[in-house]
Amino acid sequence: MTRYDPAVTEAKWQAAWDAAGVFTARRDPARPKYYVLEMFPYPSGRIHMGHVRNYTMGDVVARTKAAQGHSVLHPMGWDAFGMPAENAAMERGGHPKDWTYSNIADMRGQMKPLGLSIDWSREFATCDPEYYGQQQAMFIDMMEKGLVYRKNAVVNWDPVDMTVLANEQVIDGRGWRSNAAVERRELTQWFFKISDYSDELLTALDGLHNWPEKVRLMQANWIGKSRGIEVDFPLTAPFAGQSALTCYSTRPDTLRAATFMAIAPEHPIAQALAASDPAVATFCEDCRKGGTSEAAIETAEKLGLDTGLTVRHPIYPEQTLAIWIGNFVLMEYGTGAIYCCPGHDQRDLDFARKYGLPVVNAFHMPGEVNQIDREALVPAKDVTVAYDSHFTGLTLSTAYDAIEASIDWMEARGLGKGQVKYRLRDWGVSRQRYWGCPIPVVHCEGCGVVAEKKANLPIRLPDDVTFDVPGNPLDRHPTWRNTTCPQCGAAARRETDTMDTFVDSSWYYARFTAPHALTPTDAEDAAYWMNVDQYIGGVEHAILHLLYSRFFARAMHATGHLPASAIEPFNALFTQGMVTHEIYQTRDAAGRPVYHLPEDVTDGRLADGTAVEIIPSAKMSKSKKNVVDPMSIIAAFGADTARWFVMSDSPPERDVEWTASGAEAASKFLARVWRIADEVSRSDTPAHADDAELARTTARAIADVTAGIEGFAFNKSVAALYTFTNSLSKSAAGAQAKRAAMQTMAQLLQPMVPHLAEEIWAMLGGTGLVAQAPWPKPDPALLEDGNITLPIQINGKRRAEISVPKDMPNSEVEKIALANEDVVKFLAGQPVKKLIVVPGRIVNVVV
RNA sequence: GCGGGCGUGGCGAAAUCGGUAGACGCUGGGGUCUUAAACACCCUUUCCUUUGGAGUACGGGUUCAAGUCCCGUCGCCCGCACCA
């Protein structure tokens, strides 16, 4: 071979790894274990560059840890339930199961050529009955532990298709297929009691030292622990059997500035009014329009209706406040009723301005007179403000202190009760859909809601279903629903709801430790392999998936499926950025944008010469056609080029822009390394004075590459490898020294470009596979450098530099610095006011 | 709307603790080799009114020293509980 040919080489080494079983995970008590996991993919049918980046990162970690002597678990599976399979069945016919398994086969076929160090013997899909049957067993265990219950909750209802819609399927308040105005409707649904763990999930965040700070912060905000007060506002006249309106507020310090009340349209008082007042009924009906998502509710126009009812202010009884029904008040949070302080809440202010309601200040900024116009006065809670005739007698205070003082004051007078509340709601897991894990429950007329017998698991999905009409095929299946009660044996009906796919992904990491066990987990395997030492995935999962997984691990511990040590399943988390690409756009006759694939654009023009408009990079998406298929890159350049590219340039947590020139450059670099290795392997030049220098360069490269990988800065490892290659190629060192350097190069390249690394390793006569060679360690003596360069600043600007021995005392450094020719010139005789020497860093002369 | 993040040359970026801004790579420019090309190799590439000055989205602040810390503004990205 005179040129590096990835197509031949990559297949050869993949076969060699398979034959040697290099990546099979084995429990080995003699070695430390390391569990690397990348978030498993949804089997859409095609891998994309984001997958390549995600799995290459995991692979670099897995291969490095293996070389460093760990027993590594690096598995792969499929998050295989979910809506797209049903959508495909509706659009193209066929069965979700066939579609899913065929996609899995396709994607596996695309992933294998990447040469990832995955133990494929552990592969499973969440739609395998062996997997979801174990999930059903855990659901039953959780029922027994009181972690599962049923209650009513709102869903998006499409009144034309007569079906429940996902938030994603509601576009501008309308159903995506029917285009009908979506309504909010209540259904009885299954819930996991994640709220039992609110405080635990919050406080345990402090122990997740190797999680990104931003993810911990997002989770903490999501759980939303707040200290507030529940206050009764007495109704001026009793209504519907109620004598008071109970509100929860986190800002009792602003009670003086309350000017009106707002209740949710679902609030009992609103409902009671609606029963007798058609105007209220119509308004409440209107409020049900639109989707259920918080973003939709929060951004919708704020609507209100004055009920005519009033309450008395609990502290200032001479004041009465009107009760409004507001479409922005959530029945799920607090008590479904709030008091509104438009002076200090922008949403309340917008509402007050719209309906001409009064606006009052509870406080001002100290020394200022803040007239509220269109902007509410909302300083941060730790800012000291000046309260106006506050009921506790407070004047200057932070909101934090004022809130506590207000709660104490009101509790002492029996006006309210301090309370801790969480924003976190229980996890609704019911889905009225076919392609998900059936909820293993039976509805019996005599016994009520009964869990299935474990012996009957898995409750399999029936295969004979159709998707020609909207709605849940399980619900209209002629026979599947009919069963017998596990308790009394009478005829009974199966639950037709299936589980949220987040349930599937909340424990797959545990299943990988014993993927074929006849129970959800195997105690010994779980004890050995858990926790995941490094978890890698997109930041879009920062809240829901990760929070649900943290809850589920706790629930699995409570039901005996995981050890106590595994309740925080992910020791370290890394959130990687996206792969982006420029967007190429032209316009059609009507001026609408038309997008073009990167492969159809050369030098900014289409094949017919039309110039395209280049829109800055965005996440690769089919709709914008800015996708590069990893398979075409592998076909053109090989997997190592794709792997090298996605590790280069951008830091892993940031987005990386895919460019054709970058891919070519990556390919050229790898060919260059091969060429140098080829030359070195055939060279017989004698030892040379530069041999020692090359040894130092090698040590530097080992240190830098290792530091880059361990610090999750693969781009810096790549830069270090470029530097090493440049030095090696220019070095005059002898053949033996160069061979040693090149062997180290192969070892350092191995995690990122494993095929090329094996080829070079073999070329230089390395023993066995480089994938199984130990990770090199730099000789500390070679990393030391006697002299250092110190920059000299004059008034903070760099004006000169000096070279001094590393450990020279400051007094000596000062002398040399002041004697420096450039320094003398710049000082021009001015007296030195101050001289700062930061050892090993810098000298600053202040005049 | 709410919560979180990000912003450095023509481009992707680096700068570990507040201490030389631009490592490494791409693109562009110039050159060597070649009959020519491809490949490869070498040099160069922040900007400007260049004995010097400016510069890390923008406007302020703290400091001997700010890309890094603080306050405010703008822009982009992610999440918002039934997308996965």
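All values below come from the heavy atoms of this structure, side chains included, with hydrogens, waters and symmetry mates left out. Throughout, protein chains are lettered first and strands after them, A, B, ... in sequence-line order, and every chain is numbered starting at 1.
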Just by distance, do the side chain of A/S731 and the backbone of A/S727 share a donor-acceptor pair under 3.5 Å?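 No, the answer is negative, given that no donor and acceptor are paired below the 3.5 Å cut-off.
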Selection from B/C82, B/A81, B/C78 that lies nearest to any side-chain heavy atom of A/E540: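 Ranking B/C82, B/A81, B/C78 by closest atom to the A/E540 side chain puts B/C78 first.
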Which part of the nucleic acid, if any, lies within contact of [X], taking any heavy atom under 4.0 Å across all strands shown: a base, the sugar-phosphate backbone alone, or nothing?
X	result
A/G224	nothing
A/H541	base
A/N726	sugar-phosphate
A/Q189	base
A/F502	base
A/L835	nothing

Could you list all N or O pairs between the protein and nucleotides 2-4 of chain B that sit under 3.5 Å apart?
unit_1 : atom_1 : unit_2 : atom_2 : d
B/G3   : O3'    : A/N221 : ND2    : 3.0
B/G3   : O2'    : A/N221 : ND2    : 3.0

Using a distance-only test with no angle check, is there a side-chain donor-acceptor pair under 3.5 angstrom linking A/R550 and A/Q219?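 Looking only at side-chain atoms, A/Q219 and A/R550 do form a donor-acceptor pair, the distance falling under 3.5 Å.
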Taking atom [atom1] in both [N] and [M], what distance in whole Å separates the two?
N	M	atom1	result
B/G9	B/C42	P	28 Å
B/C76	B/C83	P	25 Å
B/G19	B/G67	C1'	13 Å

At under 4.0 Å between heavy atoms, how does the protein contact nucleotides 64-75 of chain B? Give one character per nucleotide, 5' to 3', with B, S or -. BS----------
Taking only N/O atoms, report every protein-nucleotides 10-15 of chain B pair under 3.5 Å with atom names and distance.
unit_1 : atom_1 : unit_2 : atom_2 : d
B/G12  : O2'    : A/S650 : OG     : 2.8
B/G12  : N2     : A/D649 : OD1    : 3.0
B/A13  : O2'    : A/D649 : O      : 3.4
B/A14  : OP1    : A/N715 : ND2    : 3.1
B/A14  : OP2    : A/R654 : NH2    : 3.2
B/A15  : OP1    : A/K716 : NZ     : 2.4

For B/G12, is chi within 90° of 0 (syn) or not (anti)?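 That one's anti.
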Enumerate the residue pairs fulfilling salt bridge (charged side-chain N to carboxylate O under 4.0 Å, His left out) with a member in residues 292-301 of chain A, sequence neighbours excluded, ordered by first and then second residue.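 Counting only pairs at least two positions apart or across chains, the salt bridge (charged side-chain N to carboxylate O under 4.0 Å, His left out) contacts touching residues 292-301 of chain A are A/E294-A/R423, A/E298-A/R347, A/E301-A/K354.
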Nucleotides 39-41 of chain B: which of its N/O atoms have a protein N/O under 3.5 Å away?
unit_1 : atom_1 : unit_2 : atom_2 : d
B/A40  : O3'    : A/R675 : NH2    : 3.2
B/C41  : OP1    : A/R672 : NE     : 2.8

Taking ring pair (Phe, Tyr, Trp, His ring centres under 6.0 Å) as the definition, give me every residue that meets it alongside A/W78, ordered by chain and number, with sequence neighbours left out.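 Expected list: none.
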